[in-house]
Amino acid sequence: MRTAVVGAVLLVLGAVAAIVLGLPAEGLGVLADRVWPVLLFVVAITVVAELADAAGIFRVLAGQAARLGRGRALILWLLVAALATAGSVLLSLDTAAVLLTPVVVILARSVGLSPIPFALTTVWLANTASLLLPVSNLTNLLAAGLLPGNGSLAFASRTALPWAVCVAVPLLVLLVVYRRQLTQRYEPAYAPPPEDRTLFRIAAVVLAVLIPLLVSGIPVWIPALAAAVVLTLVFAVRRRDVLRPGLVPWALLLFASGLFLVVEVAHERGLTPIVRAVAGTGEDPLALLRLSATGALGANLLDNLPAYLAIEPAAESGRRLVALLIGVNAGPLITPWASLATLLWHSRLTSLGVSVSWPRYAALGLVVVPLTVVAATLVSALVP
């Protein structure tokens with residue numbers, strides 16, 4: 001609710017500023033053309049993920065992970081990490097944080113393990129693993145049209161190596177910090193089957209068809225919207241009670257729309273030269289580190305989305321754009337507001353009775369963020 005209020009305020013302020021300052025209609029038209037496919041995809045993929053969760057997809061996957069873990073916490077944790085990584089890459093970081101958090105917490109509790117390392121794994125990877133594909137993060141969708149080459153595979157060819165670092169480094173830090181909890185054994189719990197097997201199978205088929213289409217080169221909003229429509233129709237027949245207005249991420253839509261407008265006005269009024277002076281220029285490793293560090297700092301001071309929008313003009317090349325994405329995707333692990341996914345994650349934990357203090361979270365972030373951002377940026381400098 002707070003995010004929705006902030007978004008509404010930003011939207012009103014941006015509209016008033018655009019009128020008062022005389023923002024050119026042409027500039028607003030260009031902004032709208034760039035933004036509407038992104039926001040439509042966000043709505044569609046959120047509905048798909050919510051309905052897939054209601055069909056029992058994630059709980060079944062978690063139950064399979066518990067069985068495959070064979071009583072070893074380390075194997076179970078690695079399987080949860082793989083699930084969180086896949087969720088972030090294919091369904092975006094916000095949906096991964098929101099939907100997987102309760103699943104992994106309940107899973108850990110059901111087998112007698114501490115939920116904290118599993119919960120931290122989910123939120124860290126929701127952010128850091130979101131570098132790989134355009135669909136993984138709202139910042140990536142905005143950046144994809146600026147990178148040379150078209151399609152998800154071209155995007156991934158530039159981000160795959162730093163993405164691997166962004167996944168590996170947080171996992172190594174978690175393994176060191178929580179080595180005692182992650183070397184325990186557990187008794188596998190019985191995983192109940194989905195309540196509606198037909199609904200489960202249909203949702204699984206829809207996801208199986210959707211995932212390759214998201215990297216096929218088709219504009220991603222088209223298959224996502226089609227999947228959302230199919231699942232909505234199926235649920236209208238079999239589980240109408242699940243369909244509610246809250247499936248649409250209204251708060252995120254208002255927040256993102258308000259930010260787009262406010263930052264566009266700020267750039268028109270002279271923000272761009274200031275940003276370029278701070279972020280620097282060049283493509284040597286030190287220049288890329290300066291840019292990614294600026295992105296990480298901006299994300300933790302403001303939020304990753306406005307940080308990206310503000311700094312984007314300083315990323316004049318493909319290599320610099322990837323460095324900026326590293327900063328704003330892997331960097332927001334220190335302050336609570338650095339990523340909307342983090343706030344949503346903490347809200348889910350609180351509702352489940354799991355306590356992770358913000359000072360503890362920030363302290364761990366101060367360890368993992370420099371290691372991850374620096375290592376991933378240096379690796380990105382090796383990509384042609």
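Bear in mind the structure is a predicted one, so any value in this text is a computation, not a measurement.
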*Can you tell me how far the CG atom of L76 sits from the CG atom of L107, to the nearest 0.5 Å?*
5.0 Å

*Qualifying salt bridge (Lys or Arg N to Asp or Glu O under 4.0 Å) pairs with a residue from residues 83-92, counting only residues at least two apart or across chains*: none

*Counting N and O atoms only, with roles assigned by atom type, does the side chain of T372 sit under 3.5 Å from a partner on the main chain of V165, one being a donor and the other an acceptor?*
no

*Cluster link L171 to V374, ILVMFWY, side chain under 4.5 Å*: no

*OG1/T183 to CZ/R179 distance, rounded to the nearest 0.5 angstrom?*
9.0 Å

*Sequence neighbours left out, what pairs pass salt bridge (Lys or Arg N to Asp or Glu O under 4.0 Å) with at least one residue falling in residues 38-54?*
D53-R59

_Spacing of R109 atom CZ and I106 atom CD1 [to the nearest 0.5 Å]_ = 8.0 Å

_So does A81 get a backbone contact from the side chain of T85, meaning a donor-acceptor N/O pair under 3.5 Å?_
yes

*Determine which pairs satisfy ring-ring contact (aromatic ring centres under 6.0 Å, His included) with at least one residue from residues 138-159, sequence neighbours left out, and list them in order.*
none

*Of the options L125, L172, L132, L131, which is the one that meets V167 in a side-chain contact (heavy atoms from CB on, under 4.5 Å)?*
L125

_Set of residues satisfying side-chain hydrogen bond (donor to acceptor under 3.5 Å, both in side chains) with respect to R320, sequence neighbours excluded_ = E316

*What pairs of residues pass the side chain to side chain donor-acceptor pair (under 3.5 Å) test when at least one of them lies in residues 120-136, not counting sequence neighbours?*
W77-T121, N127-S339, S130-N137

_Applying side chain to side chain contact (heavy atoms under 4.5 Å, CB included) to V47 and T232, what does each step give before you reach the verdict?_
CA-CA 8 Å; V47 170; T232 299; 4.1 Å; yes

_S88 side chain to A84 backbone, donor-acceptor under 3.5 Å_ = no

*Can you sort out the partners of R348 under salt bridge (charged side-chain N to carboxylate O under 4.0 Å, His left out), two or more places apart, ordered by chain and number?*
none

*asked:* Working note: T294 + I311, criterion side chain to side chain contact (heavy atoms under 4.5 Å, CB included); need CA distance, chi angles, decisive distance, verdict.
replied: CA-CA 8 Å; T294 302; I311 304 170; 3.8 Å; yes

_Minimum side-chain heavy-atom gap P194-V60 below 4.5 Å_ = yes

*Atom of L333, atom of V123 and distance for their closest heavy-atom approach*: CD2-O, 4.4 Å

*With sequence neighbours excluded, give me every salt bridge (Lys or Arg N to Asp or Glu O under 4.0 Å) pair touching residues 232-252.*
D196-R238

*Distance-minimising heavy-atom pair for G331 and N300*: O-ND2, 2.9 Å

*Do L343 and P336 have side chains that get closer than 4.5 Å, going by heavy atoms?*
yes

_Atom pair CG/CZ of L321 and R158 - distance to nearest 0.5 Å_ = 9.0 Å

*asked:* Hydrophobic clusters here meaning ILVMFWY residues chained together by side-chain heavy-atom distances under 4.5 Å, can you tell me if L146 and V135 are in one?
replied: yes

_On a heavy-atom basis, which atom in I45 and which in L90 lie closest, and how many Å separate them?_
CD1-O, 4.4 Å

*Group every Ile, Leu, Val, Met, Phe, Trp and Tyr by side-chain heavy-atom contacts under 4.5 Å, then state whether V205 and L61 land in the same group.*
yes

*Walk me through it: do T46 and L247 pass the test side chain to side chain contact (heavy atoms under 4.5 Å, CB included)?*
CA-CA 7 Å; T46 301; L247 289 176; over 6 Å; no

_Exercise: identify the closest heavy-atom pair between F41 and A224_ = CD1-CB, 3.7 Å

*Would you confirm whether R72, through its side chain, and L182, through its main-chain N or O, come within 3.5 Å as a donor-acceptor pair?*
no

*Drop me the distance from L93's CG to N304's CG, to the nearest 0.5 angstrom.*
7.0 Å

*Smallest separation among heavy atoms of L141 and P134, with atom names*: CG-O, 3.1 Å

*Treating Ile, Leu, Val, Met, Phe, Trp and Tyr as nodes and any side-chain heavy-atom pair under 4.5 angstrom as an edge, say whether I75 and Y186 lie in one connected cluster.*
no

_Pairs where residues 272-287 contributes a residue and the test salt bridge (Lys or Arg N to Asp or Glu O under 4.0 Å) is met, not counting sequence neighbours_ = none

*Among pairs that include at least one residue of residues 217-240, which meet ring-ring contact (aromatic ring centres under 6.0 Å, His included), considering only residues two or more places apart or in two chains?*
W36-W221

*Should V383 and V322 be marked as a side chain to side chain contact (heavy atoms under 4.5 Å, CB included) after you check the CA-CA gap, both sets of side-chain angles, and the distance that decides it?*
CA-CA 10 Å; V383 180; V322 171; over 6 Å; no

*Please, which pairs that meet side chain to side chain donor-acceptor pair (under 3.5 Å) have at least one residue in residues 373-384, sequence neighbours excluded?*
S292-T377

_Per the ring-ring contact (aromatic ring centres under 6.0 Å, His included) rule, what does the pair list look like for residues 303-359, sequence neighbours excluded?_
W345-Y361, H346-W358, W358-Y361

*For the student: nearest non-hydrogen atoms of L83 and L100, plus distance*: O-CD1, 3.8 Å

_side-chain hydrogen bond (donor to acceptor under 3.5 Å, both in side chains) partners for D303, two or more places apart_ = none

_To the closest 0.5 Å, what do you measure between CG (L207) and CD1 (I202)?_
12.0 Å

*Transitively linked via ILVMFWY side-chain contacts under 4.5 Å: I116 with V368?*
yes

